[in-house]
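In this chain, numbering begins with 1 at the start of the sequence shown.
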Amino acid sequence: AGVFLLRDPKSGQVKGYMDTNPGYDADALTSAVAALQGTLTNHPERLDIWLGLAYIQKLQDDGAGRIATFKRMLESTTS
């Protein structure tokens with residue numbers, strides 16, 4: 001657990017890192033939700049998009065949004 005530094009083998013300079021506890025940019029998640037919801041308007045048959053949206057809502061700790069997404073997904077695939 002923790003942060004692992006990625007160093008250039010020649011110079012020894014830190015070029016990046018990997019963190020075992022990832023964080024997510026709230027603005028990026030909000031933009032992703034909007035983009036996926038827009039895409040579902042044209043492609044409601046795409047279960048991968050529905051599930052991707054639900055996963056992002058999970059990352060946002062949006063339980064009500066996730067339930068609404070699953071309900072809409074079921075409605076769109078059974079109509």
Side-chain angles (χ1 to χ4, degrees):
V3 175
F4 300 94
L5 300 179
L6 304 174
R7 297 182 182 273
D8 182 299
K10 292 182 182 177
S11 69
Q13 291 181 325
V14 175
K15 296 295 183 176
Y17 69 94
M18 294 188 307
D19 193 335
T20 57
N21 298 311
Y24 300 95
D25 181 282
D27 292 335
L29 292 177
T30 300
S31 294
V33 166
L36 291 172
Q37 287 174 334
T39 301
L40 286 168
T41 302
N42 296 322
H43 302 285
E45 75 283 2
R46 296 278 309 265
L47 294 179
D48 59 324
I49 297 172
W50 286 107
L51 295 174
L53 175 57
Y55 181 75
I56 292 172
Q57 290 168 320
K58 177 183 182 234
L59 294 176
Q60 292 177 314
D61 200 26
D62 181 7
R66 219 172 357 162
I67 290 169
T69 293
F70 285 130
K71 284 181 179 179
R72 286 181 35 229
M73 178 181 74
L74 291 172
E75 289 167 1
S76 75
T77 57
T78 58
S79 59

I'd like a table of donor-acceptor pairs (distance under 3.5 Å, sequence neighbours excluded) in which one partner is a side-chain atom from residues 65-72, with atom names and distances.
{"unit_1": "T69", "atom_1": "OG1", "unit_2": "Q57", "atom_2": "OE1", "d": "2.7"}
{"unit_1": "T69", "atom_1": "OG1", "unit_2": "Q57", "atom_2": "NE2", "d": "3.1"}
{"unit_1": "T69", "atom_1": "OG1", "unit_2": "G65", "atom_2": "O", "d": "3.0"}

Can you give the donor-acceptor pairs under 3.5 Å from side chains of residues 3-10 to other protein atoms, not counting sequence neighbours?
{"unit_1": "R7", "atom_1": "NH1", "unit_2": "G12", "atom_2": "O", "d": "3.0"}
{"unit_1": "D8", "atom_1": "OD1", "unit_2": "K10", "atom_2": "N", "d": "2.7"}
{"unit_1": "D8", "atom_1": "OD1", "unit_2": "S11", "atom_2": "N", "d": "3.0"}

Grab the two heavy atoms, one from I56 and one from A32, that are nearest each other, plus how far apart they are.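 Scanning both residues completely, I find the closest heavy atoms to be CD1-CB, 3.6 Å.
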So which heavy atom on S76 is nearest to which on P44, and how close?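 Between these two residues, the closest heavy atoms are OG-O, 3.5 Å.
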Look at atom CG of D25 and say whether more than 12 heavy atoms of other residues, nucleotides or ligands are closer to it than 6.0 Å.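 Yes, CG of D25 has more than 12 neighbouring heavy atoms, counting only those of other groups under 6.0 Å.
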I want to check something: taking the side chain as every heavy atom from C-beta on, are Q60 and V33 in contact at a cut-off of under 4.5 Å?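 Side chain of Q60 against side chain of V33, heavy atoms only: contact under 4.5 Å found.
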Can you name the one residue among L53, L59, L51 that meets side chain to side chain contact (heavy atoms under 4.5 Å, CB included) with Y55?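 One option only clears the test, and that one is L59.
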Looking at CH2 of W50 and CD of E45, how far apart are the two atoms once the value is rounded to the nearest 0.5 Å?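 Going from the CH2 atom of W50 to the CD atom of E45 covers 10.5 Å.
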How would you list, by chain and number, every residue that makes a salt bridge (Lys or Arg N to Asp or Glu O under 4.0 Å) with D19, sequence neighbours excluded?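 By the salt bridge (Lys or Arg N to Asp or Glu O under 4.0 Å) rule, D19 matches no residue at all.
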